[in-house]
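Position 1 is the first residue of the sequence, and the numbers go up from there.
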Amino acid sequence: GSADHPLIPRYAGASIVGYDHRAFERFNLPLGPQARDAEGSVILTDSMVVEGRHTRIIYAAPENRSTLEVFENYQAALAETGFETLYACAGSDCGERARLATHILYAPDRRLRTLGPITEFAFSFPLQPYYMSARLPREEGDIFVSLYVARENFDAFPETQNRALVLLDVIEPGPLEDRIDPNGNPDAASETAPATVDPNGGAVEPAPLPAGARQTKAPTLACRTFR
């Protein structure tokens, strides 16, 4: 089922509208703005490829909360946990017309369908975007975070319309499991059950802690006003 990541709390009153967890995945972590190559394709000017356990969560913040407020709450919470910022940008500094979301972070081949079209078409018309990538250094392996916050201007779904949406990706160290049995044992591989989501933010079982992480109850980000 869906859950907040045990190291990163959700913004107070936010609901999960998208969730996915993979035992092993590759993620291209932005370290610079998006641009266009000689053929006109959208690319990252700088990035880092990281591999391991990958958790992706999409949150819809409560109404009347700005993207700046939501982003700075997450930024402060990550810093308090020990994350170091690798790259951060806002608005047009992230690249032209929010294509960091629509062409890279949440490109068509990377979209979730947890709640059907509500999730699939999230970040269709993102406004007032903020982004940061960060790293939590640890002896047993660094944890990487990609955080994108933008206001959804797509008006088809009241669950996301005009709300600040959060796209959170967490990549933790984890080996590639050997899941192929040369003797043909069908029990050597297993399918992953589809995720179930509580869109109202109810109680859910937390995801397994990464190796070496301290067991804590994931708190909720307090709503703070920035002046």
Is [Y] reachable from [X] through a run of I, L, V, M, F, W or Y residues, each pair having side-chain heavy atoms under 4.5 Å apart?
{"X": "L31", "Y": "V50", "value": "yes"}
{"X": "Y148", "Y": "I43", "value": "no"}
{"X": "V70", "Y": "L127", "value": "no"}
{"X": "I171", "Y": "F24", "value": "no"}

Do [X] and [Y] come within less than 4.5 Å of each other through their side chains, counting heavy atoms only?
{"X": "V145", "Y": "L168", "value": "yes"}
{"X": "Q128", "Y": "L68", "value": "no"}
{"X": "Y59", "Y": "S15", "value": "no"}
{"X": "V166", "Y": "L147", "value": "yes"}
{"X": "R151", "Y": "R65", "value": "no"}
{"X": "E80", "Y": "L78", "value": "no"}
{"X": "P126", "Y": "L165", "value": "no"}

Checklist entry - Do other residues, nucleotides or ligands put more than 12 heavy atoms under 6.0 Å from the CZ atom of R113? => result yes
Checklist entry - Should we count CZ of R22 as having more than 12 external heavy atoms under 6.0 Å? => result no
What distance do [X] atom [atom1] and [Y] atom [atom2] have between them, rounded to the nearest 0.5 Å?
{"X": "F83", "Y": "D142", "atom1": "CZ", "atom2": "CG", "answer": "10.0 Å"}
{"X": "L167", "Y": "R110", "atom1": "CG", "atom2": "CZ", "answer": "8.0 Å"}
{"X": "D169", "Y": "E25", "atom1": "CG", "atom2": "CD", "answer": "10.0 Å"}

Return the minimal non-hydrogen interatomic distance between [X] and [Y], and the atom names on each side.
{"X": "L105", "Y": "S146", "value": "CD2-OG, 3.9 Å"}
{"X": "A150", "Y": "T67", "value": "C-CG2, 3.4 Å"}
{"X": "A164", "Y": "V149", "value": "CB-CG1, 4.4 Å"}
{"X": "L44", "Y": "G32", "value": "CD2-O, 3.8 Å"}
{"X": "I143", "Y": "P173", "value": "CG1-CD, 4.1 Å"}
{"X": "A3", "Y": "I57", "value": "O-CD1, 3.3 Å"}

Checklist entry - Does the side chain to side chain contact (heavy atoms under 4.5 Å, CB included) test come out yes or no for I8 and V170, once each step is laid out? => result CA-CA 9 Å; I8 306 170; V170 184; 3.7 Å; yes
Answer yes or no: is there a donor N or O on one side and an acceptor on the other, between the side chain of [X] and the main chain of [Y], under 3.5 Å?
{"X": "Y74", "Y": "Y11", "result": "yes"}
{"X": "Y106", "Y": "L112", "result": "yes"}
{"X": "T119", "Y": "V17", "result": "yes"}
{"X": "T55", "Y": "H21", "result": "no"}
{"X": "T114", "Y": "Y19", "result": "yes"}

Next on the checklist: Just to verify, which of H54, E51, M48 counts as forming a side chain to side chain contact (heavy atoms under 4.5 Å, CB included) with F144?
Outcome noted: M48
Checklist entry - Does R56 pair with D20 as a salt bridge, N-O distance under 4.0 Å? => result no
Next on the checklist: Closer than 4.0 angstrom, basic N to acidic O: yes or no for E152 and R163?
Outcome noted: no
Item to check | Working for side chain to side chain contact (heavy atoms under 4.5 Å, CB included), residues V42 and I104 | outcome: CA-CA 8 Å; V42 177; I104 296 176; 3.9 Å; yes
Throw together a table of side-chain donor-acceptor distances under 3.5 angstrom for residues 86-101, partners on residues two or more places apart or in other chains.
residue: E96; atom: OE1; partner: R99; partner atom: NH1; Å: 3.0
residue: E96; atom: OE2; partner: R36; partner atom: NE; Å: 2.7

Next on the checklist: Quick one, F121 with R111, criterion side chain to side chain contact (heavy atoms under 4.5 Å, CB included). Give me CA distance, side-chain angles, the key distance, then yes/no.
Outcome noted: CA-CA 8 Å; F121 295 107; R111 293 176 182 172; 4.0 Å; yes
Next on the checklist: Pair I58, F123 - check side chain to side chain contact (heavy atoms under 4.5 Å, CB included), show working.
Outcome noted: CA-CA 10 Å; I58 302 176; F123 303 100; 4.0 Å; yes
